Protein chains: 2
Amino acid sequence: MTAPLHEARPAGPGRALPDTQQGMRRRNLARVLHTVRAEGPLSRAAVASRIGLTRAAVSTLVDELIRSGLLEELGPERPGRVGRPGSALTVSGRGPAGIGAEVGVDHLAVCAVDLRGTTRSRAIRQGANRGRSPRPVLAELTDLIRQVVDEAEGEGLYPAGLALAVPGLVARDARTVVRAPNLGWHDTDLAPLLPADIPLTVDNEANFGALAELWLGDGTPRDFLHVSAEIGIGAAVVVDGGLLRGTRGFAGELGHMPVRPDGPECACGGRGCLEQYAGEEAVMRAAGLEPDEDRVGLLAGRAAQGDEDVRRALRDAGTALGVALTGAVNLLDPESVVLGGELSGLAPWLLPSLQDELARRTAGPACPVSVSRLGPQGPLLGAAHSVIRAVLDDPAAFAGQA
Amino acid sequence: MTAPLHEARPAGPGRALPDTQQGMRRRNLARVLHTVRAEGPLSRAAVASRIGLTRAAVSTLVDELIRSGLLEELGPERPGRVGRPGSALTVSGRGPAGIGAEVGVDHLAVCAVDLRGTTRSRAIRQGANRGRSPRPVLAELTDLIRQVVDEAEGEGLYPAGLALAVPGLVARDARTVVRAPNLGWHDTDLAPLLPADIPLTVDNEANFGALAELWLGDGTPRDFLHVSAEIGIGAAVVVDGGLLRGTRGFAGELGHMPVRPDGPECACGGRGCLEQYAGEEAVMRAAGLEPDEDRVGLLAGRAAQGDEDVRRALRDAGTALGVALTGAVNLLDPESVVLGGELSGLAPWLLPSLQDELARRTAGPACPVSVSRLGPQGPLLGAAHSVIRAVLDDPAAFAGQA
DNA sequence: ACTAATTTGTAAATCGGCATGACGAAATAG
DNA sequence: CTATTTCGTCATGCCGATTTACAAATTAGT
């Protein structure tokens, strides 16, 4: 569990782990569990026909999963079909729980999700974290985590892992925050500051948001670009159902796409980066507003009231986003672009100019742009579900932990 | 073999093929073959220790590969080490051959590569193909293919597949050219116009170039961006040792990255696309030269002679490339950027300004930029090797074809 | 109602594939 | 010349999925 969850791709045939029968068993356990979770209550025979194994083989696999507490038998189905009714199986509601946590600029949040995907417990605490050092913030977060874990344990769950979403760049070790400008954190190993008894994974808020979109969004494809924003503009690239992380884990930095190469200087050293046109600070300035804690809320409120200055600022930001996204879309050819995170609240005023710009610069049909249904809670849900996903991907590794 | 070679990623655990013992055997055959090919002559024991199987298991796998004609026994090694010497194994020099073919703007080329990776036969024909219709061009190409195949068969090889590189966009069915502006082809299924007795794969020239770089380049990482150019500017994205293709197979279109969003109108509908600053035509115009057949050669020649106009034009193109690449590098976080294809000949004059621009716009260490050792023959080699790669990845599928 | 047909789940036998352990073969070290 | 080391192979065993058979539970048909 120290390795990052959900690699973009398993290693090639030359370097893979030895392909032995235990590995086969483990993969088949995963396939059974995955299909039962994905396709609702299912009989052993139904699972067998879906994954291509025989009923006998599935029987033994199911037995093992039931013994591990990952599957539950609901009893005989009552269908109108001919033949003996099957015995319905579901993923357990009392097995492992994924603990998701989030450090936002102005809040902390924790939740526990069970194998079925339902949130069983949650805790939120408002309060500005900008400029506070990691230790007190994570101490506070640890309180919330204990709270949520206690509640989950009361319902018969046990924490299988803790996934933390932060608004910043995270190293590939999945524990060290390299740079989180809006918190003021840099090069900090978070693991020592969090509960040591639960396996930890730290990742970028945008990445978790994208995974939530992938797993929870309705009709979201396996190849898309997920754009979110907290001050900087973070994006996440999903390729064939997996996250593209990059060599250092920094993939998805949309904020410093050159939009006007001769524009004003940016902190990154370049000129005319997207962030200077569509970043929160820039939009606030363009709208003639003062910096505030809840910038997105303020912008959305004013825009909804019909404030022309704010609307114009958002239109311009949408155009800039459109330019940057044109480049990204040309390079990646995704099936769609999803606006998520805090950005989704501003979508009504960003979207028209964004889509215009994208369409204008694209030969042929433009890449469709949609708004996340999950909105700001995407990252937290994605984090919790990433833990659940790890269990589903290798149930054997989590077997005896109840 | 009708499915595209080298998907970016196998399907998730829920949808994968049933994981049965035959599958395990197939994968282990592949692993044995891969290691022998990659690490030179090797004894059974050496292979076993490398891939983590026992000597006994490897013995049976090797037997099967020898019977299939994919491996050869060289006889006992003569080492200075204690103990019975092993019997060296090599991949066969008389097994399957990968037939690579290329339709360029001003040439046709075909080659045959054996399992060892050595080119065993080749044929090239110069002649402008711009504006010619697919049928006569591919008829001519078919002649060359027959020639090369005959020669290869004379040496005991048999064609395991034909891979064709074209300078244009290819659909994900790996047979249909969607758009090849410099040939004037569009929406053409090439399969009926090529030998029907060899399994066919068609792909973008830039993609094959990138694969060649991945497989044949020295020290090339598993995550990089490969930039080539023929008129348009094509790039290919390699993520964790696999090609990123995109939903429609169009990933890697660098040519229409917005470089100066208010710049002149481009054929794609946008403004100030990279192609207008670093495309061949644009550079020729900026250098004050007339259109010509061998544009790259002309530019390189003049630049080498010290022509200041040409050099300035190339410097500016490098700067524009740098701007576009900044965006791509930020988005993908690759380990390096490789200049390949025709572009590699112009590298000496493009590189300085390109690297300057990239470094200026990057916070922290800039992404290293290198020049392909393979140069213009990358695509052809990549095509041939992609066939060989398919054999290595699943030897069982090619077993009885000798 | 009673039988036939159909489907489910499991048990027993079988097969395929790798691991284990032992052995002869072929080299080096002393 | 013997002891040691390593290689390749064989016999055996284990593990996991398949095959085959069968009892159980339901619907369809008379």
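Not measured: the values here are computed from a predicted model. To find a chain, count down the sequence lines: A is the first, B the second, and so on, and within it residues start at 1.
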Expressed in angstrom and rounded to an integer, what is the separation of [X] atom [atom1] from [N] atom [atom2]?
X       : N      : atom1 : atom2 : result
A:Met24 : C:dA19 : CE    : P     : 12 Å
B:Gln22 : D:dG16 : CD    : P     : 16 Å
A:Arg25 : D:dT18 : CZ    : P     : 11 Å
B:Arg27 : C:dG16 : CZ    : P     : 18 Å
A:Ile66 : C:dG9  : CD1   : C1'   : 12 Å
B:Glu77 : D:dC7  : CD    : C1'   : 10 Å
B:Ile51 : C:dG17 : CD1   : C1'   : 14 Å
A:Leu74 : C:dT8  : CG    : C1'   : 16 Å

Does A:Arg81 place a side-chain N or O at less than 4.0 Å from the phosphate oxygens OP1/OP2 of C:dT6? no
Output yes when at least one side-chain N/O atom of A:Asn28 is less than 4.0 Å from OP1 or OP2 of D:dA17, else no. yes
Test item: A:Arg172 side-chain N/O and A:Gly246 main-chain N/O as donor-acceptor pair under 3.5 Å: yes
Any side-chain to backbone donor/acceptor pair from A:Ser121 onto A:Glu151? Under 3.5 Å, distance only. no
Could you tell me if B:Asn28 and B:Arg31 have a donor-acceptor pair between their side chains, going purely by distance under 3.5 Å? yes
Working to the nearest 0.5 Å, report the span between OG1 of B:Thr90 and CZ of B:Arg116. 5.5 Å
Which distance, rounded to the nearest 0.5 Å, do you find between the CZ of A:Arg94 and the CG of A:Leu157? 9.0 Å
Per [X] side chain, nearest of listed nucleotides [options]:
X       : options                : answer
A:Ser43 : C:dG9, C:dT6, D:dT18   : C:dG9
B:Leu53 : C:dT8, C:dA19, D:dG8   : C:dA19
B:Ser87 : C:dT6, D:dG8, C:dG9    : D:dG8
A:Leu61 : C:dG9, D:dA17, D:dG8   : D:dA17
A:Pro85 : D:dA25, C:dT28, C:dC18 : D:dA25

Using a 4.0 Å heavy-atom cut-off across all strands, classify A:Thr54 as base, sugar-phosphate, or nothing. base
For A:Ala56, which contact category applies under a 4.0 Å heavy-atom criterion: base, sugar-phosphate, or nothing? base
Would the base of [N] count as contacting [X] through its side chain, where contact means a donor and an acceptor less than 3.5 Å apart?
X       : N      : answer
A:Arg55 : C:dG9  : yes
B:Gln21 : C:dG17 : no
A:Arg84 : C:dT8  : yes

